[in-house]
Amino acid sequence: MAEHVNPLRDPTDRRLPRIAGPCSLILFGVTGDLAKKKLIPAVYDLANRGLLPPGFALVGFARADFKDSSFADMIKQAAQDGARTPWSETVWKQLAAGIRFVPGEFDDDDAWDRLADTMKDLDEQQGTGGNHAFYLSIPPGLFPVVVSQIKKHGLAESSKGWRRVVIEKPFGHDLASAVELNRMVGDVFSRESVFRIDHYLGKETVQNILAFRFANGMFEPIWNNHYVDHVQITMAEDIGIGSRAGYYDSIGAARDVIQNHLLQLMALIAMEEPVSFNASSLRLEKQKILANARPPARMDLHTAQAQYVAGWAGGEKVRGYLEEDGVHEDSRAETYAAIRVDVSTRRWAGVPFYLRTGKRLGRRVTEVAVVFKRAPHQPFNKNDVEELGQNALVMRIQPDEGVTLRFGAKVPGTTMEIRDVNMDFAYGGAFVESSPEAYERLILDVLLGDPPLFPQHEEVELSWKILDPVIAHWKQDKDIDTYQAGTWGPPSADAMMARDGRTWRRP
Ligand code: BG6
C-alpha cells in the first residue's frame, strides 16, 4: 500500500513541524462522550496549529438523524467547548469544508454504500488522496460488525492511498477475547495499519519517562535492584463514574486502567534501553518486561479491590457507587484496585512494583515513585534520623507535571537532626510551550502513520496474562471491600503493603 510521503520533508528532522498529508478521518461513535470531549477538540486544535492539510475531511457515521449542516454545528460546538487553542473562524471555515455526515445503522449495507460514495467524493473534491483512517470510538461489542462491514465494502483495500484503523480501549475483557479481537482486526487490516489507542502514551509526561531515563547518565547506574527498594505507580481520581455506568459496571477499575495505562507505565519504567526509538525497538523492550511480569502466587495477600461508599469530594457530600445512576444494585465492580507485580529479570528481581488506581479517592493524581533502599549505614543517633523516610524519585504525570527528588537534609540548628526535603522540577516553570493534549498527539501520529506510541497486540495480550489471574481470584471473593469516598482506599490495600513492610505514599 503506497504511503503518502512529502518529498520536501526530511522525516528524520524532528525540528520540522510534523504536518499530516491529505486524508480523511472517519469517526464511528461521533456522538459519544469521548468524541465530543476529546477527539473533536483535538482535531480542531491540530487544524488551528496548522498541522492538518487543506485536503482534510472529517466524516461522522452514526444512527443519528443529522443533515451535513447540523452535524457541522454539533462539531463546531464540541470544538468550541473543548478546544485548547483560541477560536478562529478562518480555521473553522477550512475545516468545515471537509465535514460530512453519513446516517445509518452499522449493519445497514445501504448506509455503508453511502459512506463509500462519500469517501470517493471527498477524495475527488476535497483532495483527501484516498487516505482513510477509521476511528472506532464505539463500545467493543460493535467492533465486529464495523470491522466486517469495512471489509465487505472494500474500504480497507485501496490501490491509491493508505487505510488505517484506530481502536479505543478496552481491547477485549480478558486474554481470550483480546486474542479474538486481534484476530478479527488482523483479518482485515495489516499489522502496520492497526493503531490501538492508550491515551496515556500520548501524554507528554509519560513520554518524558523515556527522556528522563535515557537522555541522562546519572540515573541509569542506580535504576536496578541494588538501589531500588520498590516502585509505586498511582493513578488516583477524585471523580466518580459520572454517566459511565453502562461501560464501567461491567469492567471495573483493573480492566479499565491497570490492564492498559498502568502496565504501560510500568513497562516504560522497567524496560531496558531500546537501541533506537523506532516502534519495533520500543515495543520489543516493553514486551520483554510484560512477558516477565507476574502477580505473586498469593493473590489474597498481595492484591486489594474495593468499592466506594458515600463520602466527600471537594467539600461536597457524594453518593456511593451502588447509588450511582445505572449501577446494578448488587454490582461487584471494583472502583479501587491495587496489585503487586514482580518482574523476573536480572535488573528487577526482588523489587516489587505496586500498582493502584481508584475513583473517588482523596485527589486526582497520577505519579510513578521509585523508592530507594536506605543507606547501608547511617552514622547518626537514632533520634536524629527518626523522621527520615526513604529517598524517592517521583515522576508526576498529572496534574502539576514534573519530577521530585526526595532526600534527607539537615534541619538548621545545633543538632544533627535530619529530615526529608524535596527538590522539584516543574514543567510549567521550565518550558514556555504548553503540552498538547494526548489525543492531539495520537491523532496526528495516526494520520502520519507514526507507530511508536501505539501498543501492538502482543503487549495487549501480555497485559491480560498478568491481570487475568488476579480478576479470576477476585471473582471467588464473596463480598467486596469498601472505602469511603474522599479517602485513600480500603484498609485491605494498606494491609497489603504492611505485609511487605511498606506503606503507600500519600501523594
Ligand atoms: C480512561 C478511563 O482510560 O482514563 C477513565 O477509562 C479514566 O475511567 C480516564 O477516568 C482518566 O484519564 P486522564 O487522562 O484524565 O487521567
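One-based numbering, in listed order, for ligands and for the atoms of each. Note that the structure is a prediction, hence the values are computed from the model and not measured.
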What protein heavy atom is closest to atom 12 (O) of ligand 1, reported as residue, atom name and distance in Å? H199 NE2, 3.2 Å
Nearest neighbour in protein (non-hydrogen) for atom 6 (O) of ligand 1: D256 OD1, 2.6 Å
With respect to R347, which candidate in E273, E285, E272 satisfies the salt bridge (charged side-chain N to carboxylate O under 4.0 Å, His left out) definition? E272
For K203, take its heavy atoms, then give the atoms of ligand 1 lying under 4.0 Å from any of them. 13 (P), 14 (O), 16 (O)
Candidates R364, K38, E237; heavy atom nearest atom 15 (O) of ligand 1 found on R364
At less than 4.0 angstrom from any non-hydrogen atom of K169, what atoms of ligand 1 do you find? 1 (C), 2 (C), 3 (O), 6 (O)
Nearest non-hydrogen protein atom to atom 5 (C) of ligand 1, with distance, is R244 NH1, 3.4 Å
F106/F61 aromatic ring centres below 6.0 Å: yes
With a distance cut-off below 6.0 Å to the six-membered ring centre and an angular limit of 45° from the axis, does K169 pair with F171 as a cation-pi contact? no
Answer yes or no: is there an ion pair linking K36 with D81, defined by an N-O contact shorter than 4.0 Å? no
Note: ligand 1 atoms sitting under 4.0 Å from heavy atoms of H261 are 1 (C), 3 (O), 4 (O)
Side-chain H-bond candidate by donor/acceptor type, Y483 with Q307, under 3.5 Å: no
As an exercise, identify every atom of ligand 1 less than 4.0 angstrom from a heavy atom of K359. 5 (C), 7 (C), 8 (O), 10 (O)
Establish, yes or no, whether the cationic atom of R164 lies under 6.0 Å from the six-membered ring centre of W162 and within 45° of the ring axis. yes
